[in-house]
> 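The following block contains the structure, expressed as structure tokens.
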Amino acid sequence: MTHSVILGTGSYVPEKVLTNQDLEKIVDTTDEWIFERTGIRERRVAPPKAAASDISIPASKNALEAAGMYPKDIDLIVVTTLTPDSLCPSTACWLQAEIGAERAAAFDLNAACSGFVYGLQMGDAYIRSGLMKNILVVSVDLMTRTVDWSDRGTCVLWGDGAGAVVMGPAENGEKGLIDSYIYSDGHDADKIVIMGGGTKLPPMTPEETESNERTLKMKGQETFKTAVRHFTDVCKEVLEKNDMTVDDIDVFIPHQANIRIIDAVAKRLELDRDKVVITIDKYGNMSSATIPVALDEWVKEGKIRHGDNVLMAAFGGGLTWGAALVEW
Ligand code: UT7
């Protein structure tokens, strides 16, 4: 079967910066607490009228340009998001029209913060099966739209951003996406929730309106412990299944939820800190966008070179988690 490769990367973060000092004026918090407990200094906030598809446009165009492709070359657009433009149509369809990817099929995928790893595996499966050739995977989240600005335990964590990759079939024996694993455990669904607006708590009902259930709620400590365990296990799994050790990894891009989670996982894997990509200080947690934004930045800065083994791992609401291993 043909392997899939990442042909180009792109990303976009909104210009507006919200610092920890800005948050000190909104909730009872301090820059020291936020930085020490999470690693975050600042995050980006999209303009009030921008939708997820709007900030996906520059990220997608970037990725297409890097891949040397035109929008009409794309067969499939997968947008991973938990903050879609609308329930119908999908964000992917809005984006398709905006970028003029006329031939593409388009749909959304929601695996919360794990979305990018899920999207990569989906793109890989379509390419390996021969059903699709060129696939645009866009991970976008406007997490500041979901935030309860009176809850200091969650509102300091999140930011907005979009990252994209163009995937295609490998040529000349390249390995590309070596392997990937994705998992879910719906028994832990209540750990991270945005309940309002769906069919469990439909919009415009008195219950939904009064309960402020449109905002994100998270059981932080419980999520933290589970995240460290699953992150570590799935990284070990992908290495073991491919007869590789941590020494074979050149770059590790973890989902950016908390610097202490990243450090704990790196320590358990005995992974050199220099190989770990950190963007949480400047962007916070952009949910599914964190990995592709970090990937694009390292690629554009020349920190990921041809032949490097790049390990990506994510964890989030669902609960969901997964890892993907790519030879660049
Ligand atoms: O991306 C999806 C996956 N997400 C995650 O994996 C997130 C995992 N969880 C976490 O990152 C951490 O649990 C948090 C950053 C959310 C919270 O950090 P924590 O160290 O677990 O803090 P905590 O919730 O145990 O709270 C400790 C104390 C509490 O005060 P008391 O009860 O000890 O007096 C909180 O009220 O810190 C207080 N606190 C704050 N203080 C200042 C909580 N948030 C803040 C804040 N500023 N922003």
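Everything quoted here is computed from the prediction, not taken from an experiment. Indexing begins at 1, ligand by ligand and atom by atom, following the structure's order.
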> Judged by modelled atom types alone, do Tyr118 and Ser184 share a side-chain donor-acceptor pair under 3.5 Å?
yes

> Under 4.0 Å from any heavy atom of Asn258, which atoms of ligand 1 are there?
10 (C), 11 (O), 12 (C), 15 (C)

> Using a distance-only test with no angle check, is there a side-chain donor-acceptor pair under 3.5 angstrom linking Asn20 and Arg43?
yes

> Below 4.0 angstrom from a heavy atom of Val156, which ligand 1 atoms are there? Numbered from 1 as shown, please.
48 (N)

> For atom 9 (N) of ligand 1, which protein heavy atom lies nearest, and how many Å away is it?
Gly220 O, 3.0 Å

> I need the nearest protein heavy-atom contact for atom 18 (O) of ligand 1: residue, atom name and distance, please.
Arg260 NH2, 3.6 Å

> We want to know whether Glu297 and Tyr283 form a side-chain donor-acceptor pair, criterion being a heavy-atom distance below 3.5 angstrom.
yes

> Counting from 1, what ligand 1 atoms have a heavy atom of Gly153 closer than 4.0 Å?
16 (C), 44 (N)

> Number the atoms of ligand 1 from 1 as they appear, then name those within less than 4.0 Å of a heavy atom of Ala257, with their elements.
1 (O), 4 (N), 5 (C), 6 (O)

> Does only the side chain of Val27 get under 4.0 Å from ligand 1, or the backbone, or both, or neither? Count heavy atoms.
neither

> Would you please classify the geometry between the Trp321 ring and the His230 ring as parallel, tilted or perpendicular, with 30° and 60° separating the classes?
parallel

> Salt bridge or not for Arg214 and Asp148, using N-O below 4.0 Å?
no

> Can you find a protein heavy atom closer to atom 34 (O) of ligand 1 than 4.0 Å?
no

> Heavy atoms only: which of Ile192, Asp151, Ile40 is nearest to atom 3 (C) of ligand 1?
Ile192

> Do Lys241 and Glu237 meet the salt-bridge criterion of a basic N to acidic O distance under 4.0 Å?
yes

> Number the atoms of ligand 1 from 1 as they appear, then name those within less than 4.0 Å of a heavy atom of Thr38, with their elements.
15 (C)

> Determine whether any protein heavy atom is located less than 4.0 Å from atom 27 (C) of ligand 1.
no

> Among all protein heavy atoms, pick the one closest to atom 23 (P) of ligand 1 and tell me residue, atom and distance.
Gln221 NE2, 4.0 Å

> Nearest protein heavy atom to atom 2 (C) of ligand 1, by residue and atom, and its distance?
Cys113 SG, 3.5 Å

> In the protein, what heavy atom is nearest to atom 29 (C) of ligand 1, and what distance, to one decimal place, separates them?
Arg152 NH2, 4.6 Å

> Please work out which of Leu23, Ile259, Thr223, Asp31 has its closest non-hydrogen atom nearest to atom 5 (C) of ligand 1.
Thr223

> Quick check: are there more than 12 heavy atoms from other residues, nucleotides or ligands sitting under 6.0 Å from NZ of Lys133?
no

> Taking Lys191 for its side chain and Met218 for its backbone only, find out whether a donor-acceptor pair lies under 3.5 Å.
no

> As a quick check of understanding, evaluate side chain to side chain donor-acceptor pair (under 3.5 Å) for Asn242 and Asp179, giving each step before the final call.
CA-CA 8 Å; Asn242 291 282; Asp179 206 358; 2.9 Å; yes

> Determine whether the side chain, the backbone, both or neither of Ile261 has a heavy atom under 4.0 Å from any heavy atom of ligand 1.
side chain

> Quick one: look up the protein heavy atom nearest atom 43 (C) of ligand 1 and list residue, atom name and how far away it is.
Trp33 CZ2, 3.5 Å

> Test your reading of the model: is there a side-chain donor-acceptor pair from Asn309 to the backbone of Asp248, 3.5 Å cut-off?
yes

> Could you tell me whether Lys300 and Asp296 have a side-chain N and a carboxylate O separated by less than 4.0 Å?
yes

> What are the atoms of ligand 1, with element, lying closer than 4.0 Å to any heavy atom of Arg37?
20 (O)

> Ion pair present between Lys219 and Asp190, side-chain N to carboxylate O less than 4.0 angstrom?
yes

> When you measure from atom 4 (N) of ligand 1 to every protein heavy atom, which one gives the shortest distance, and what is it?
Met218 SD, 3.7 Å

> Could you check atom 47 (N) of ligand 1 against the protein and tell me its nearest heavy-atom contact, residue, atom and distance included?
Thr29 OG1, 2.7 Å

